[in-house]
2 protein chains.
Amino acid sequence: MDNRAKLLEQALHLFAQRGYDAIGVQEIVEQAGVTKPTLYHYFGSKRGLLEALINERLQPLIDRLAHATSHANDVPASLAAIFQLYFDFAQAEPLLYHMQLAMWFSLPDNEAFQIVAVSSAQQQALLESFFVRASSFHGNMRGRQRVYAATLLGTINTYIGLWLSGAIQATPQLIHQAVQQFSYGIYS
Amino acid sequence: MDNRAKLLEQALHLFAQRGYDAIGVQEIVEQAGVTKPTLYHYFGSKRGLLEALINERLQPLIDRLAHATSHANDVPASLAAIFQLYFDFAQAEPLLYHMQLAMWFSLPDNEAFQIVAVSSAQQQALLESFFVRASSFHGNMRGRQRVYAATLLGTINTYIGLWLSGAIQATPQLIHQAVQQFSYGIYS
DNA sequence: CTTTCTCTATACTTATCGGTATAGAGAAAG
DNA sequence: CTTTCTCTATACCGATAAGTATAGAGAAAG
């Protein structure tokens, strides 16, 4: 593994454990076994390091979400696929997802939040466009895309947060229940 | 307003805007118009300042939650009261609630998270005991208190997060819908 | 009128913060 | 053999981090 990958991995571990603001670049380079100029050569700044982490490792989630939200002719099936997609990703990248989750509700002027906000907005936009498409099949959804997208993400993240803390298992029954619970707030 | 109160207020503003880790004590005392020994006289440390903020200003929420969860003979009514209580508190203390919310899903080894975790655990415990009581009326709830308490908080915080960002209004209809949505995942 | 206690300011500590100037090692290209 | 480019280390920058030693101001208590 080259030094760039080592830096990304150690930064993820440290950010996910104690938070972006609480970690200094010195600690990252020590854990990675390199020195500061190496980090600044590859990423330019501490901010650039987090941006690289987010852009590179979170992109698969965005891509799969774009695919899952591209059609809305069977809304319940699409919702189940979206839940499944998030659970799969969180299981494949628990540290990354936990880090993103910690910044989800975070604070507007915080640097880490602003970096993560870009991909958060992408997810929100994809989900909103899904609900716009769905409203051509379910007329009573119209105009509520923002709230639907946000509550869907809220429900997903609540369950993933529970799973990350070990309180629940990610069974097919759980996915089904989560979809049902969310749907009940939608079709009414 | 005395210096102690000034320090608490300015610390809340700064913590809620940029996060605990991103704020230095120097900035707090400057905003409050005092000097560092004053802060250390009243709170002993930066950590003690956040602890005082949480303990003093979040206590009313805990107290009201303890009252609302003390009986469970009418579960839907109690759930509505709990939702209403959280919305009322978030409207009365938006900065404090936003700060707490930002630390909700936060990271285990982070100092700010550990401080807020105490009151989070209190809320979780009160809600769990409510669901234990409720299970004497609804037998199928037994053994699921932890998950119910966590998903209830998740639903509440999703809606409050939406309200804090200005996306929704806190109408009685919204409370009703949120209770319905949560209940649908419970009684099944 | 003096002692005592609470509170606050000046000035300082050591350690760490993010970031960089300089230089050198090593491989690739001519 | 020399030039060029990528990568990394030593040593440093000014600024800021949390926290404190010392002293004094002002009110309360004796």
Side-chain angles (χ1 to χ4, degrees), chain A residues 1-56 99 102-103 106-107 109-118, chain B residues 1-56 99 102-103 106-107 109-116:
Chain A
M1 187 162 54
D2 65 354
N3 287 338
R4 188 178 189 278
K6 277 185 202 165
L7 283 165
L8 283 172
E9 184 176 308
Q10 294 307 321
L12 175 57
H13 268 90
L14 290 167
F15 289 160
Q17 203 169 8
R18 307 219 302 274
Y20 176 79
D21 290 307
I23 297 297
V25 294
Q26 187 65 47
E27 198 169 353
I28 299 170
V29 298
E30 277 169 14
Q31 288 289 321
V34 298
T35 55
K36 281 205 276 183
T38 302
L39 187 154
Y40 283 91
H41 169 74
Y42 286 115
F43 304 107
S45 65
K46 183 187 175 187
R47 181 189 188 118
L49 174 57
L50 180 59
E51 283 172 348
L53 205 47
I54 296 293
N55 291 337
E56 294 173 21
M99 187 183 78
M103 298 164 176
S106 195
L107 309 160
D109 291 4
N110 185 269
E111 189 183 3
F113 172 72
Q114 290 173 7
I115 298 168
V116 174
V118 178
Chain B
M1 188 162 54
D2 66 353
N3 287 338
R4 189 178 187 278
K6 278 185 201 165
L7 283 166
L8 284 172
E9 184 176 307
Q10 294 306 321
L12 175 58
H13 268 89
L14 291 168
F15 289 160
Q17 202 169 9
R18 307 218 303 274
Y20 176 80
D21 290 306
I23 298 297
V25 294
Q26 187 65 47
E27 200 169 353
I28 299 170
V29 298
E30 277 169 14
Q31 288 288 321
V34 299
T35 55
K36 281 206 276 182
T38 303
L39 187 153
Y40 283 92
H41 169 75
Y42 286 115
F43 304 107
S45 65
K46 184 186 174 188
R47 180 187 189 118
L49 175 57
L50 180 59
E51 284 172 348
L53 206 47
I54 297 293
N55 291 338
E56 294 173 21
M99 188 184 76
M103 298 163 176
S106 197
L107 308 160
D109 291 4
N110 184 270
E111 189 182 2
F113 172 72
Q114 290 174 6
I115 298 167
V116 174

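Quick note on labels: first sequence line is chain A, next is B, and so on, each numbered from 1. A quick note: this is a predicted structure, and the numbers were derived from the prediction, not measured.
Picking from C/dT10, D/dT10, D/dG19 the nucleotide with the shortest atom distance to the side chain of A/Pro37 gives D/dT10. Closest approach to the B/Tyr40 side chain among D/dA21, D/dA18, D/dA9 is made by D/dA18 (side chain taken as heavy atoms from C-beta onward). The side chain of B/His41 approaches C/dT8 more closely than any other nucleotide in the set D/dT10, C/dT8, D/dT6. Of the candidate nucleotides D/dG19, D/dA17, D/dA18, D/dA18 has the atom lying nearest to any side-chain atom of B/Val25.
Here the straight-line distance linking atom CZ of B/Phe15 with atom CG of B/Leu8 works out to 10.0 Å at 0.5 Å rounding.
Pairing partner, D/dT22: C/dA9, with both Watson-Crick or wobble hydrogen-bond distances short of 3.5 Å. Judged by Watson-Crick or G-U wobble contacts below 3.5 Å, the nucleotide D/dC12 has C/dG19 as its partner. Of all nucleotides present, only C/dT2 satisfies the Watson-Crick or G-U wobble test against D/dA29, with each distance under 3.5 Å.
Between the C1' atom of D/dA17 and the CG atom of B/Leu39 lies a distance of 14 Å, rounded to the nearest Å. Look at CZ on B/Arg47: it is 17 Å from C1' on D/dA17, rounded to the nearest Å. Between the P atom of C/dT22 and the NZ atom of A/Lys36 lies a distance of 17 Å, rounded to the nearest Å. Nucleotide C/dC17 holds its P atom 12 Å from the CG atom of B/Asp21, rounded to whole Å.
Within the 4.0 Å cut-off from OP1 or OP2 of D/dA9, at least one side-chain nitrogen or oxygen of A/Thr38 is found.
The residue among A/Gly24 and B/Val34 whose nearest nucleotide of DNA chain C lies closer to the 5′ end is B/Val34.
Taking 4.0 Å as the cut-off between side-chain N and carboxylate O, B/Glu51 and B/Lys46 do not count as a salt-bridged pair. Looking at A/Glu56 and A/Arg4, a side-chain N of the basic residue comes within less than 4.0 Å of a carboxylate O on the acidic one, giving a salt bridge. Between B/Glu30 and B/Lys36 there is no salt bridge, since no side-chain N of the basic residue sits under 4.0 Å from a carboxylate O of the acidic one.
Backbone-only engagement by B/Ile23 is indicated by non-hydrogen atom pairs under 4.0 Å involving sugar-phosphate atoms exclusively.
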### Query
Between A/Arg47 and A/Ile115, does a side chain to side chain contact (heavy atoms under 4.5 Å, CB included) hold up when you go through it step by step?
CA-CA 8 Å; A/Arg47 181 189 188 118; A/Ile115 298 168; 3.4 Å; yes
